[in-house]
Amino acid sequence: MSNNARAGAGEIFMSTNAESKLFTPVQIGAVKLKHRVVMAPLTRSRSIQPGDIPNDLMLEYYSQRASDGGFIISEATTISISGRGWYGAPGMYSDQQVAGWKKITAAVHARGAHMFSQLWHTGRSSNVANTEGAAPVSASVNPDYWLNSKASVSAPDGWVHPSPHRALELEEIPAIVEDYRKAAERAKAAGFDGVELHGANGYLLDQFLQDGSNHRTDAYGGSIENRSRFLLEVVEALVSVWGGDRVAVRIGPSGRWNGMSDSNPDALFTYLADQLNRFGLAYLHVIEPRVRGNVVVEEGQAPVAAQQIRKIFNGKIVAAGGFEPGTAKAVVESGDADLVAFGRHFVANPDLPERVRLGLPLNEYDRSTFYTFDARGYTDYPFYRDLVPA
Ligand SMILES: Cc1cc2nc3c(=O)[nH]c(=O)nc-3n(C[C@H](O)[C@H](O)[C@H](O)COP(=O)(O)O)c2cc1C
């Protein structure tokens, strides 16, 4: 039986991954891990009380998924009200939010795991209901995005269209870099082990990177160098707080989610990966183009992005997007990636590293509860040990 077959509890499995490189230690910057099965950043919308403050339900969820020597990347976490694009997403812009996160990082650490905070500005992917009335901001104005795209935004009244956005003025960019820097400081106060910059999935920094959404003619538009400038300035700000070895970046080469497109993604992401070499980052997190956001669009496609970035980037690579236990093992053993992040399987399997290690069947995820607001489909997925008779 294959490792990732779904089967009833109590079946006997022929193969385990205990001897795989997936279960060997790895150093990511300043952090030493005991295994390479990473929890991907997963927005779950459970922070719905006023103030976007992480709560005890979230504490239970992250505690369930913390494993000895394991690594968790937090759900995307809002750095400012103007960057707030998802109802129920937690924030990193107030002291109360820091206090909420502090309890979560303490619980995760108590279980021997490590945790980075994923820092997020949604840019145009928002609605005035989330930004206290301010128009969402982006690299350039693309009316098609709010008029014709299928993009939708989670808001207090449900899924709504993105609001019309405006282009950031040149003089406004330093203040957003500063919002990221402050959020990095808060993440430190909140007890995280480092920060991951969300540069993928069509949010603000991706909107600057890709030329389908960036038509600027100033120092932040036009050439690949100019389009990469904002992200690199933010990385510099994060490194000023944490040092390079506790900062990571997530990119989605060829990512199309959220209305993204680029005329030459190979050249763009090759340049970017090369530029990121200078920071001595903890890792570069690479999303495979076979997934678009949270769905697989190219069944069976090999991990091409990790393969390509590996040739350019000198540090550790976390590969993500459409991995199963067997393909995760293969990508790490081939050397194209050092670690693998799982999204949907981690939603449904609180004990995923152990299940992968032992070749146990996985619980199925329920898409209908990805972004709902309570414990159902969040903290009630069973551990394998609860499925088998003692
Ligand atoms: C429910 C859900 C929420 C997600 N939220 C985020 C997020 O907050 N930040 C992010 O970078 N990616 C997010 N993603 C994308 C995942 O991190 C991951 O790249 C994607 O699910 C593909 O991996 P998988 O095939 O292992 O699920 C989300 C995906 C899902 C399913």
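For ligands, and for the atoms within them, numbers begin at 1 and follow the listed sequence. Scope of the values below: all heavy atoms of this structure, side chains included, with no hydrogens, waters or symmetry mates.
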Could you identify the single nearest non-hydrogen protein atom to atom 14 (N) of ligand 1 and state the distance to 0.1 Å?
Pro41 O, 3.5 Å
Looking at Gly322, Gly293, Gly321, the heavy atom closest to atom 21 (O) of ligand 1 belongs to Gly293
Would you call Lys188 and Glu185 a salt bridge, taking side-chain N to carboxylate O under 4.0 Å as the test?
no
Identify the residue among Gln64, Arg355, Glu364 that makes a side-chain hydrogen bond (donor to acceptor under 3.5 Å, both in side chains) with Asn349.
Arg355
For His198 and ligand 1, answer yes if some heavy atom of the residue is under 4.0 Å from a ligand atom, otherwise no.
yes
Name the closest protein heavy atom to atom 26 (O) of ligand 1, giving the residue it belongs to and the distance to 0.1 Å.
Gly343 N, 2.8 Å
N/O of His345 under 3.5 Å from N/O of ligand 1, yes or no?
no
Report yes or no: does Tyr371 have a heavy atom closer than 4.0 Å to ligand 1?
yes
Please answer whether the main-chain N or O of Ala267 pairs with a side-chain N or O of Thr270 as donor and acceptor at a distance below 3.5 Å.
no
Would you mind running through ligand 1 and noting each atom that sits below 4.0 Å from a heavy atom of Ala40?
17 (O)
Carboxylate-amine/guanidinium contact Asp374 Arg376, below 4.0 Å
no
With the threshold set at 4.0 Å, does a side-chain nitrogen-carboxylate oxygen contact exist between Asp351 and Arg65?
no
Going by the atom numbers of ligand 1, which of them fall below 4.0 Å from some non-hydrogen atom of Phe342?
26 (O)
For Asn294, the atoms of ligand 1 under 4.0 Å from one of its heavy atoms are 29 (C), 30 (C), 31 (C)
Looking at Tyr145, does the NZ or CZ of Arg124 lie under 6.0 angstrom from its six-membered ring centre and within 45 degrees of the ring axis?
yes
Within a distance under 4.0 Å of any heavy atom of Asn201, pick out the atoms of ligand 1 and give their elements.
10 (C), 11 (O), 12 (N)
Identify, by atom number and element, the atoms of ligand 1 in contact range of Arg344, meaning under 4.0 Å from any of its heavy atoms.
24 (P), 25 (O), 26 (O), 27 (O), 31 (C)
Compile the donor-acceptor pairs under 3.5 Å between side chains in residues 236-243 and protein atoms, sequence neighbours left out, one pair per line.
residue : atom : partner : partner atom : Å
Ser240  : OG   : Ala237  : O            : 2.6
Trp242  : NE1  : Ala184  : O            : 3.1

Could an N or O of ligand 1 be found under 3.5 Å from any N or O of Ala76, whether backbone or side chain?
yes
For Gln118, take its heavy atoms, then give the atoms of ligand 1 lying under 4.0 Å from any of them.
7 (C), 8 (O), 9 (N), 10 (C), 11 (O)
Under-4.0 Å salt bridge between Asp68 and Arg111:
no
Assess whether salt bridge (Lys or Arg N to Asp or Glu O under 4.0 Å) is satisfied between Glu172 and Arg166, documenting all intermediate values.
CA-CA 12 Å; Glu172 293 179 290; Arg166 65 178 183 85; 2.8 Å; yes
Quick one: does Gly252 get within less than 4.0 Å of ligand 1, heavy atoms only?
no
Among Phe342, Phe346, Tyr283, ring pair (Phe, Tyr, Trp, His ring centres under 6.0 Å) partner for Phe71:
Tyr283
With a 4.0 Å cut-off on heavy atoms, is Val347 in contact with ligand 1?
no
Identity and distance of the protein heavy atom lying nearest atom 8 (O) of ligand 1
Thr43 OG1, 2.6 Å
Got a sec, which residues hit side-chain hydrogen bond (donor to acceptor under 3.5 Å, both in side chains) with Arg229, two or more places apart in sequence or on another chain?
Asn226
Does any N or O atom in Phe370 lie less than 3.5 angstrom from one in ligand 1, N or O only?
no
Does any N/O atom on Arg250 come nearer than 3.5 Å to any N/O atom on ligand 1?
yes
